[in-house]
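Below is one structure, written out as C-alpha cells, with a few remarks after it.
What's counted below: heavy atoms across the whole structure, side chains too, no hydrogens, waters or symmetry copies.
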Amino acid sequence: MKFSRTLAIILLFIAVYWSFKSQMPTYHPNKDVALESFSTDRALKHVEQLSKEPHGVGFPGHERAKDYIISELNKLGLKTTVQEGYTAGDWGNLSKATNILAKIEGSENGKALLLLSHYDSSPHSSYGASDAGSGVATILEGVRTFFSNNRTPKNDIIILITDAEELGLNGADLFVKNHPWAKDVGLALNFEARGSGGPGYMLIETNRGNGTLIKEFTKAHPKYPVANSLAYSIYKMLPNDTDLTVFREDGDIEGFNFAFIDDHYDYHTALDNYQRLDRNTLAHQGSYLMPLLNYFSDADLSNLKSLNDYVYFNMPFFKLISYPFEWIWPMFAIAALAFVLLLFTGFKKGQLNTKDIFKGFIPVLATLIINGLAGYFCWSIITWWYPDFKDILHGFTYNGHTYITVYVMFSLFVCFYIYHKFRKTSTPNLLVAPIFIWLIICGLVAQYLKGASFFIVPLFGLLAGLLVTINQEKPNPFLMVFLALPAILIYSPFIKMFPVGLGLKMMVAATLFTTLLFFLVLPFFGQLKSKGRLAYLFLFLFFAFGITSHIQSDFNEERPKPSSLLYVYDADNDSALWSTYDNVLIDWNGQFFQNNKREPKAETISSKYRTSMSYVADAPKKAIPLPYIDTVIDTIIGDNRLIELCITPNRDVNRLEVFTNPIDLKSAKVNRIELSSYFLENRRSKLVTHYITNNDFTELQLEFPKDSILELTLYEASNDLLTHPDFSIPERPKNSIPMPFVLNDAILTIKTLRFE
C-alpha cells in the first residue's frame with residue numbers, strides 16, 4: 001500500500017505537468033515541410049523581417065514594415081490595397097492609419113471571413129516581434145498554405161492588417177466605420193500578443209450569447225484549444241481592448257481573439273524581438289488558424305449570433321468542453337443534494353460526527369487565510385526588498401515564474417503542515433468543510449460570475465471522494481487520484497495564468513487556487529501518513545526556490561532594467577528640467593540628477609497605468625523650437641465661441657498632446673475628425689493625443705460657451721533625445737532598456753495658450 005501511495009503521488013505530479021504540457025504543440029524545425037502544411041519556420045521568416053527595427057506609427061521602420069507585408073501579399077497573387085485616413089478612436093488618440101487589405105474571392109455570396117492582426121509596434125522602442133508580428137506572420141503563412149491546397153472557398157476571405165492598433169485601435173476604427181468591405185464581414189479571427197510566450201488563449205467577442213460561436217469553434221476541431229469562459233469574463237472587466245473590440249462594439253461583428261500572455265515582461269519593450277518569441281507559441285497560433293480557416297471559409301457565417309450562453313473550458317484529451325448556462329443551477333442543485341445525502345449516509349454509518357466536522361473547518365479557514373494573506377502582500381514584500389522592480393511597470397518580473405513557484409511551495413507547505421496537525425481527524429470528517437466551502441464558491445459564481453460555473457465539475461470528484469471514504473476505510477490511492485484528475489487538469493494552469501497575465505499583484509489568486517486545489521485532492525492526501533514529511537519537503541523547496549529567485553533578481557543584459565530620461569523645456573516660465581519615471585535610478589540617468597534632484601510639483605503628460613514622473617532636476621536651456629500656432633478662426637456664434645487653431649511643428653516630432661482647463665466643450669474636432677460627446681464628457685483634462693506622421697500639422701476646432709476662458713496646454717515631444725545634436729547623452733548600457741508605457745528618450749516642450 002505504501003508503494004501504491006508513492007506511485008500515486010508520482011502520477012499526481014505527472015498530471016500537473018501534463019496539464020501545462022498538453023496546452024501547446026511542441027515546435028520542431030520544419031522549414032522543409034510540405035507546402036500544403038503550415039510551417040512555423042516559414043512564419044518565423046516573416047517575424048524576422050517585420051521585427052528588424054521598431055516600427056511604431058511615425059517611425060522610419062513603420063513604412064518598411066508596411067511595404068514588406070504588401071510585397072508578401074502580392075507574391076501570393078493577391079490584389080493588395082491600402083486604406084488611409086485620420087481617426088481618433090474612442091480615446092482621443094489621433095493618428096493617420098494606413099491599413100493593408102486583400103481579398104480571396106469566394107464561390108458564393110455569403111458573409112466574409114476576416115483574418116485580422118496589426119503591423120504597428122508600440123512606440124517607441126518595441127520591435128513588435130510578438131505584438132503583433134507573430135499575428136501577421138501567422139496569417140501570411142496560413143494564407144500561403146491555404147493557396148497551396150488549391151482550395152476555392154465558399155466565402156470571401158478578407159485579409160486586414162491594421163495600423164495604429166497600439167495608439168487606440170485606430171486602424172480597426174477606420175475600417176469598421178469607413179470601408180465598404182466592413183458590412184460584408186460575418187466573422188473575424190484576430191491574432192494578438194501581450195507577451196512573448198505561453199499558450200494562445202481563445203477569447204470570444206460577441207454582443208450576445210456565445211452559444212453558436214462555441215459550437216462552431218468546436219466543429220472546426222482546433223487541436224490545442226486553450227479557452228475557458230472565466231478568462232473571457234475577466235477579460236471583459238479589464239481595460240485591455242484589441243482591434244476585435246471595435247468590430248464588436250461598432251460593427252456588431254462576431255469574432256475570436258487568439259492572444260498569448262506569458263513572458264509578460266517583454267510586452268511593449270525592446271525585448272519583444274525575434275530571438276525571444278517562443279517558437280512553441282507561434283506553432284500554437286498556426287494550429288488555431290489552419291483548422292478555423294478551412295472550416296469557416298465554407299461555413300454559414302450569417303447565422304452566428306445567439307441568445308444563449310455556454311460555459312466552456314479545456315481539458316487534455318477532451319479538448320473543449322461546453323454546456324449551456326441553463327445547466328448551471330441544475331448541476332449545482334445535484335451537487336448540493338448529493339452533499340446532503342452523503343452527510344445523511346455518513347452519520348448513519350457512523351463515519352461522520354458533528355464535533356469532528358466542525359473541527360474540519362479550522363484547517364480550511366487557517367490555510368485560506370494564511371495563504372491568502374501571503375499572496376495579497378506578495379508584491380508589496382517583493383518591491384520592498386527589491387525596489388528596482390517597481391520600474392517593471394508590467395508588474396511581472398523576469399524571475400516572476402520563480403516567484404510563482406515560491407508562493408505555491410509556501411502554500412503547499414501550509415496546507416500539508418496544518419492538515420498534518422489534524423491527522424487524527426478522519427478523512428470523511430475533514431472533507432465536509434472543503435465541500436461546503438466549494439459549494440459556497442460555486443453558488444456565488446453561478447449567481448455573479450457565470451463564466452466560472454465550470455468550477456462545479458471538479459467538485460463532483462470531491463463528492464465522489466467523500467462517498468468512497470465513507471464506505472471504505474482504506475480506499476485505493478489510484479482511485480482517489482483519478483477522482484482528482486479533473487481538478488488537477490483544469491485548475492493547475494490557473495495557478496500560473498493569473499499572476500502571469502495580471503502581474504504579481506495577483507499572486508493571491510495563485511495561492512488561493514493552490515489551496516482550493518489542495519482541498520479537491522484531499523480525499524487522496526487525507527490518507528497519506530507522510531503529510532508532515534511532505535510539509536517539510538515543500539518548506540525546503542520554498543527556501544530553495546526563494547534563494548533561486550534572489551539569485552535571479554539582478555539586472556543584466558539578459559534581464560535589463562527599464563530606465564527613462566526626458567528633457568523638458570517649459571516655455572511658459574522659460575525653464576528646463578531633466579525628468580525620469582524611474583523609482584531607482586541607474587548610473588546612466590542618475591548622472592543628470594546628482595544636483596538638485598527633487599520630486600516634480602505637478603504632472604505633465606498621460607501614461608499607461610497612470611505612471612507618474614518620479615524625479616526632476618535642473619537642466620541647461622537649449623534652443624528647442626516651439627510649434628507654430630496659427631489662430632485661423634476666433635468668432636462668436638450665438639451663445640458659443642468657436643476657435644480654430646493650426647499647430648505646425650518647427651522640428652521633427654512624434655507626438656503632440658493637448659490638455660485643457662476644466663471647461664464645457666460643446667464640440668471638438670481634430671484634423672476634421674469629431675471627438676465623441678461621450679469622450680468629451682469623460683475626458684478629464686486631456687483633449688487629444690496626436691501621434692504625428694511626416695511632421696504633419698494638428699488642426700483643432702473647439703466650441704465652448706462664450707463667457708468661458710479656455711486654456712490649452714501643448715506638450716510636443718520627439719523621441720530623439722539620445723541622437724539629437726544639441727545633446728550629448730551617452731548610449732544606454734546593455735543592462736538597461738527604455739521603459740515602456742511612458743514617454744521616453746524624448747525632448748518635450750510645454751506651451752500654454754489662453755483665450756479670454
Donor-acceptor pair, S736 side chain versus P560 backbone, under 3.5 Å? no
Are a donor atom and an acceptor atom from the side chains of T242 and N257 found within less than 3.5 Å of each other? yes
Should we say atom NZ of K505 is surrounded by more than 12 heavy atoms from elsewhere, each under 6.0 Å from it? no
Within the 6.0 Å centroid threshold, strictly below: F436 and F361: yes
Mark yes when over 12 heavy atoms from residues, nucleotides or ligands other than E558 sit less than 6.0 Å from its CD; otherwise mark no. no
Should we count CH2 of W329 as having more than 12 external heavy atoms under 6.0 Å? yes
Aromatic centroids of Y403 and F545 separated by under 6.0 Å: no
For F410 and L539: C-alpha separation, side-chain torsions, deciding distance, then whether side-chain contact (heavy atoms from CB on, under 4.5 Å) applies. CA-CA 6 Å; F410 176 80; L539 181 62; 5.8 Å; no
Would you find more than 12 non-hydrogen atoms of other residues, nucleotides or ligands less than 6.0 Å from F347 atom CZ? yes
If you count the non-hydrogen atoms of other residues, nucleotides and ligands that lie under 6.0 Å from CD in Q275, is the total more than 12? yes
Check whether the ring centres of H284 and Y288 lie less than 6.0 Å apart, and answer yes or no. yes
Does atom CZ of F422 have more than 12 heavy-atom neighbours from other groups under 6.0 Å away? yes
Could you tell me if D266 and T269 have a donor-acceptor pair between their side chains, going purely by distance under 3.5 Å? no
Above 12 or not: heavy atoms from other molecules or residues under 6.0 Å from OH of Y417? no
So F525 and L12, side-chain contact (heavy atoms from CB on, under 4.5 Å) or not? Walk me through it. CA-CA 11 Å; F525 289 148; L12 191 70; 3.6 Å; yes
